[in-house]
Amino acid sequence: MDRIPILRMGRFLLVTIQVDMHDRLALALQDDLMEQIRAKKARGVLLDISALDVVDSFIGRMIGNIAGMARVLDAETVVTGMRPAVAITLVELGLSLPGVRTALDIERGMALLQRSPDSRDRPR
Amino acid sequence: MIVRAEDLPLHTGEDVVRVRQATRQATVDAGFSLVDQTKVVTAASELARNTVIYGGGGDVTVELLRDGGRSGVRLTFADKGPGIADVQQALRDGFTSGGGLGLGLGGARRLMSELHISSRVGEGTTIVAVRWKQ
């Protein structure tokens, strides 16, 4: 089974979702991310969804789960690249992603994570 | 008038992906704006997942409609699953019988022009969702 690649960028992990995800893939991603946050002692996760033309409540729940689980492991999550049509639809769908920060692109997302007080060096 | 109709099975996650693609094509052919395409495909995804997860699998018919001057897309989801005991409750945001977000039915209704639900406990559920081009 294919797995979504997780790239490391300094203290952050970058995940680019490029395919129509099905349940098993989404669950595998959540498991892999948690393991990588722990193993790489990551401070933040950049979840890039710029390739997604549809975000339904299943993907929304996955994003919320990732942000929540990352938080438990002391890492911030920033979702980047949400398309305008997707953002408009999510509002109408009634899907707010509480506690999930967003940024226009990966570069701004990185800047957001680097500015965050949680990402400053401190002993783990 | 039904310009085109396509029947698709709904049993797996991969089937849900195919339904999204077929719905996207129908909305493109109907001339929907990008935002409206996204809304319809998102509604289709919600309802398709419901059919697979709660309905025990079923099928969907994706239709391209023309009614006088306007075009539209109609999605008919059918399963022979447990059925919905209380449709009004199921439409309420936050209500979930399966650990989801509870936004699927109510959300789909908000994203579409029309949503009709007919269900019989122990027999199954049929959901018809239509969106007309604005």
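Within every chain, numbering begins at 1; the chains are lettered A, B, ... in the order of the sequence lines, protein sequences first and strands thereafter.
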### Gap separating the CG atom of B/N50 from the CZ atom of A/F58, nearest 0.5 angstrom
12.5 Å
### Message
Among B/V35, B/L111, B/T42, B/T38, exactly one meets side-chain contact (heavy atoms from CB on, under 4.5 Å) together with A/E92. Which residue is that?
### Response
B/L111
### Summary
Separation between CD (B/E46) and CG (A/L95), nearest 0.5 Å, reads 8.5 Å
### Query
Same cluster for A/V54 and A/V86 if Ile/Leu/Val/Met/Phe/Trp/Tyr side chains link at under 4.5 Å?
no
### Query
A/I4 and A/L33: same hydrophobic cluster, using ILVMFWY side-chain contacts below 4.5 Å?
yes
### Message
Using the rule that Ile, Leu, Val, Met, Phe, Trp and Tyr join whenever any side-chain heavy atoms are under 4.5 Å apart, tell me whether B/I117 and B/V52 fall into a single cluster.
### Response
yes
### Query
Are A/M62 and A/M69 linked, directly or through other ILVMFWY residues, by side chains that come within less than 4.5 angstrom of each other?
yes
### Query
By a 4.5 Å heavy-atom criterion (distance strictly below it), what part of B/Q37 contacts chain A: side chain, backbone, both, or neither?
neither
### Task
Nearest 0.5 Å please: distance from the CG atom of B/L105 over to the OG atom of A/S57.
10.0 Å
### Over 12 non-hydrogen atoms of neighbours within 6.0 angstrom of CZ in B/R70
yes
### Message
Less than 4.5 Å to any heavy atom of chain A: does that hold for the side chain of B/R24, its backbone, both, or neither?
### Response
side chain
### Task
Give the member of B/Q21, B/R49, B/K39, B/R20 that has the highest number of heavy-atom pairs under 4.5 Å with chain A.
B/R49
#### Entry: Hydrophobic cluster identity match, A/V45 and A/V55, side-chain contacts under 4.5 Å
yes
